[in-house]
Amino acid sequence: MERKTIYLCLAHMSEEGLEQKYIKEAFNTNWVVPLGPNVNGFEKDLEEFVGENKHVVALSAGTAAVHLALIACGIGPGDEVCVQSFTFCASSHPVKYLGATPVFIDSEPDTWNMDPQLLEQAILDRKAKTGKYPKAIIPVALYGMPYDIERIMAIANKYGIPVIEDAAEGFGSRFNGQVLGTFGQYGVLSFNGNKMITTSGGGALICADEAQKNKIMWYATQAREAYPYYQHEEIGYNYRMSNICAGIGRGQMTIVNDHIAHHKHVQARYAELLKDLPCIHLHAAPNADYDANYWLCTITIDPEVRIKGQENAYKETVKSAVGGAAGVIHQVDSPTTDCQPNENVEALRVFMLEHKIEARPVWKPMHKQPVYADCPAYVNGVSETIFKIGMCLPAGPMVTDEDIDYIVEQIKNAIL
């Protein structure tokens with residue numbers, strides 16, 4: 001029988017089919033709009049999960065959550081926001097939506113996340129250069145690994161700068177026992193199709209109190225004033241989550257702890273099977289304070305390793321989107337850029353794909369993206385180095401022990 005492709009992280013529904021139950025209730029009661037019992041119930045479930053007396057607003061995407069958090073922090077044209085460079089573009093693009101400028105901060109080697117020392121250097125340097133401090137700080141839980149929120153919050157409080165935690169990949173990850181997204185002024189969650197739980201597409205914003213929640217909900221529903229007709233005195237957005245999608249979320253919340261436990265199990269199995277392969281290094285939490293959900297498991301490959309087919313790496317341009325749900329890409333003339341993974345990483349990606357395994361490079365640092373070429377960046381070389389040698393391996397709830405055994409077997413087969 002032909003082997004099925006092992007994907008990075010596929011959605012997994014509850015065995016009881018609770019997602020369909022809540023969706024059916026929405027259809028039966030005609031609640032098919034961006035409000036209703038499922039939205040309210042999902043927000044309540046999330047508030048109970050994150051704890052710390054926080055309030056949660058369910059939204060159409062994690063990107064929308066970043067955008068609204070920035071608006072609530074008063075970000076506008078001419079402002080600067082410190083953003084982790086080693087991340088997906090949803091952390092920084094909303095800064096540009098508002099006419100502000102991202103100031104990119106490189107990573108520390110242990111967590112791969114925002115380097116607190118560089119962060120403080122950047123804050124002081126921006127103050128010296130522009131006469132004012134950045135207006136917000138956005139650390140990111142890369143692949144579910146917690147950031148050093150203790151030091152980041154100390155620096156933020158020292159200079160009076162709000163923190164927007166991007167925990168989109170870190171749902172359920174904890175630092176010193178506390179759920180990520182509950183330390184800063186706002187916390188961002190994502191429920192995209194490949195996240196720890198899914199609502200098909202969607203996200204949420206964790207707020208400090210009910211007043212913040214009401215403010216975010218107002219912005220997310222077109223910022224309407226209290227008149228019997230539509231009057232707008234500020235720009236609002238259509239960002240609330242659908243009652244249908246929220247029904248999926250309610251069902252997913254019944255199995256979220258099982259999902260997190262499975263991802264941690266996958267990480268542990270990779271660790272066991274890769275321990276005798278000294279040229280492959282599995283990224284792991286630096287100590288017990290960092291309780292990662294291991295949304296994706298990541299490895300680095302020693303530069304001197306030779307992979308089967310490596311001589312053909314980057315010889316042809318990519319013709320279609322690699323991974324994810326993206327269906328439209330711009331064709332390019334050259335298969336290479338001035339910042340890309342090493343040839344052995346690309347060769348291993350291709351080898352794995354040929355053997356029905358989806359593996360991907362880690363995120364390309366934002367400060368190396370052409371669209372951000374003119375933005376300030378405070379770098380130490382960590383994220384660029386990891387980008388050249390890093391790779392993501394499957395870790396979702398649909399990945400079995402047999403799959404992991406096969407993945408590691410193919411990694412070993414690929415090495416010359």
Side-chain angles (χ1 to χ4, degrees), residues 5-10 85-89 107 109-113 140-145 169 194 263 266-285 292-314 318 321-324 326 335-337 339-366 368-369 381-396 398-399 403-416:
T5 299
I6 305 171
Y7 292 100
L8 277 177
C9 189
L10 282 179
S85 181
F86 202 7
T87 180
F88 179 57
C89 61
S107 298
D110 288 345
T111 67
W112 297 5
N113 292 323
V140 181
L142 193 71
Y143 303 119
M145 183 64 65
E169 298 174 7
N194 63 359
H263 282 251
V266 170
Q267 169 77 8
R269 193 167 183 88
Y270 275 129
E272 177 63 26
L273 296 177
L274 290 170
K275 67 181 181 181
D276 296 325
L277 202 58
C279 58
I280 304 292
H281 311 276
L282 184 69
H283 186 225
N293 67 8
Y294 294 109
W295 169 58
L296 293 181
C297 297
T298 52
I299 58 172
T300 57
I301 306 168
D302 287 348
E304 63 273 14
V305 171
R306 295 283 300 176
I307 300 293
K308 292 176 182 177
Q310 186 169 331
E311 67 278 3
N312 297 318
Y314 296 119
V318 173
V322 177
T336 62
T337 68
C339 180
Q340 63 189 25
N342 288 343
E343 290 182 354
N344 60 355
V345 174
E346 171 62 6
L348 182 58
R349 182 191 71 79
V350 172
F351 182 92
M352 299 292 268
L353 191 61
E354 289 171 348
H355 290 80
K356 298 295 187 74
I357 300 165
E358 183 187 18
R360 287 193 219 165
V362 295
W363 299 124
K364 182 170 182 172
M366 288 296 113
K368 296 301 293 183
Q369 297 285 359
V382 170
S383 62
E384 288 181 57
T385 297
I386 296 169
F387 174 58
K388 291 177 181 178
I389 63 176
M391 175 172 282
C392 301
L393 299 177
M398 303 297 286
V399 176
D403 291 335
I404 302 166
D405 296 347
Y406 175 72
I407 290 166
V408 173
E409 178 186 357
Q410 294 311 314
I411 291 174
K412 292 177 178 178
N413 288 340
I415 297 173
L416 291 171

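Model, not experiment: these values are computed from the prediction.
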Assess whether salt bridge (charged side-chain N to carboxylate O under 4.0 Å, His left out) is satisfied between Glu272 and Arg269, documenting all intermediate values. CA-CA 5 Å; Glu272 177 63 26; Arg269 193 167 183 88; over 6 Å; no
Start with the C-alpha gap between Tyr270 and Ile404, add the side-chain angles, then the distance that decides, and say whether side-chain contact (heavy atoms from CB on, under 4.5 Å) holds. CA-CA 7 Å; Tyr270 275 129; Ile404 302 166; 3.7 Å; yes
Take Leu416 and Ile307 through the side-chain contact (heavy atoms from CB on, under 4.5 Å) test and state the conclusion after the steps. CA-CA 6 Å; Leu416 291 171; Ile307 300 293; over 6 Å; no
Start with the C-alpha gap between Met366 and Ser383, add the side-chain angles, then the distance that decides, and say whether side-chain contact (heavy atoms from CB on, under 4.5 Å) holds. CA-CA 10 Å; Met366 288 296 113; Ser383 62; over 6 Å; no
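Residues His263 and Cys9 form a side-chain contact, since some pair of their non-hydrogen atoms from C-beta on lies under 4.5 Å apart. Taking the side chain as every heavy atom from C-beta outward, Thr337 and Lys368 never approach each other to under 4.5 Å. Side-chain contact between Ile386 and Ser107 is absent, with no heavy-atom pair separated by less than 4.5 Å. Between Val318 and Pro335 there is no side-chain heavy-atom pair separated by less than 4.5 Å. Arg360 places none of its side-chain heavy atoms less than 4.5 Å from the side chain of Met391.
Checking Trp363 against Gln369 by side-chain atom types alone, no donor-acceptor pair falls below 3.5 Å. No side-chain donor-acceptor contact under 3.5 Å links Asn413 and His355.
In plain terms, the two heavy atoms of Met145 and Ala284 that are nearest each other are CE-C, 3.6 Å. Between Val266 and Ala395, the shortest heavy-atom distance links the atoms CG1-CA, 3.9 Å. Closest approach of Asn342 to Pro303, counting heavy atoms only: ND2-CB, 4.1 Å. Shortest non-hydrogen contact noted between Cys297 and Leu282 is CB-CD1, 4.4 Å. Residues Ile6 and Val399 share a closest heavy-atom pair of CG2-CG2, 4.2 Å. The shortest non-hydrogen separation linking Ala347 to Ala313 is N-CB, 4.4 Å.
Atom NZ of Lys388 is surrounded by 12 or fewer heavy atoms from other residues, nucleotides or ligands within 6.0 Å.
Looking only at distances, no side-chain donor or acceptor of Thr5 sits under 3.5 Å from a matching main-chain atom of Tyr7. Remark: the backbone N or O of Gly381 is not paired with any side-chain donor or acceptor of Glu384 at under 3.5 angstrom. With Asn293 contributing its side chain and Glu169 its backbone, the two residues share a donor-acceptor pair below 3.5 Å. Put simply, the side chain of Thr300 never gets that close to the backbone of Ile389: no donor and acceptor are under 3.5 Å apart. Counting only distance, with no hydrogens or angles, the side chain of Asn194 and the backbone of Leu8 share no donor-acceptor pair below 3.5 Å.
Taking CD1 from Ile357 and CD from Gln410, the interatomic distance works out to 5.5 Å, rounded to the nearest 0.5 Å. Note that CG of Leu348 is 13.5 Å distant from CD of Glu343, once rounded to the nearest 0.5 Å. One finds the CZ atom of Phe387 at 5.5 Å from the NZ atom of Lys364 (value rounded to the nearest 0.5 Å). For the atom pair Gln267 CD and Thr298 OG1, the distance stands at 7.0 Å (nearest 0.5 Å). The distance from atom CD1 of Ile299 to atom CG of Leu393, rounded to the nearest 0.5 Å, is 4.5 Å. How far CD1 of Ile301 is from CD1 of Ile415: 7.5 Å, rounded to the nearest 0.5 Å.
For Glu409 and Lys412, the salt-bridge test fails: no basic side-chain N is under 4.0 Å from an acidic carboxylate O.
Ring centroid separation for the pair His283 and Trp112 comes in under the 6.0 Å cut-off.
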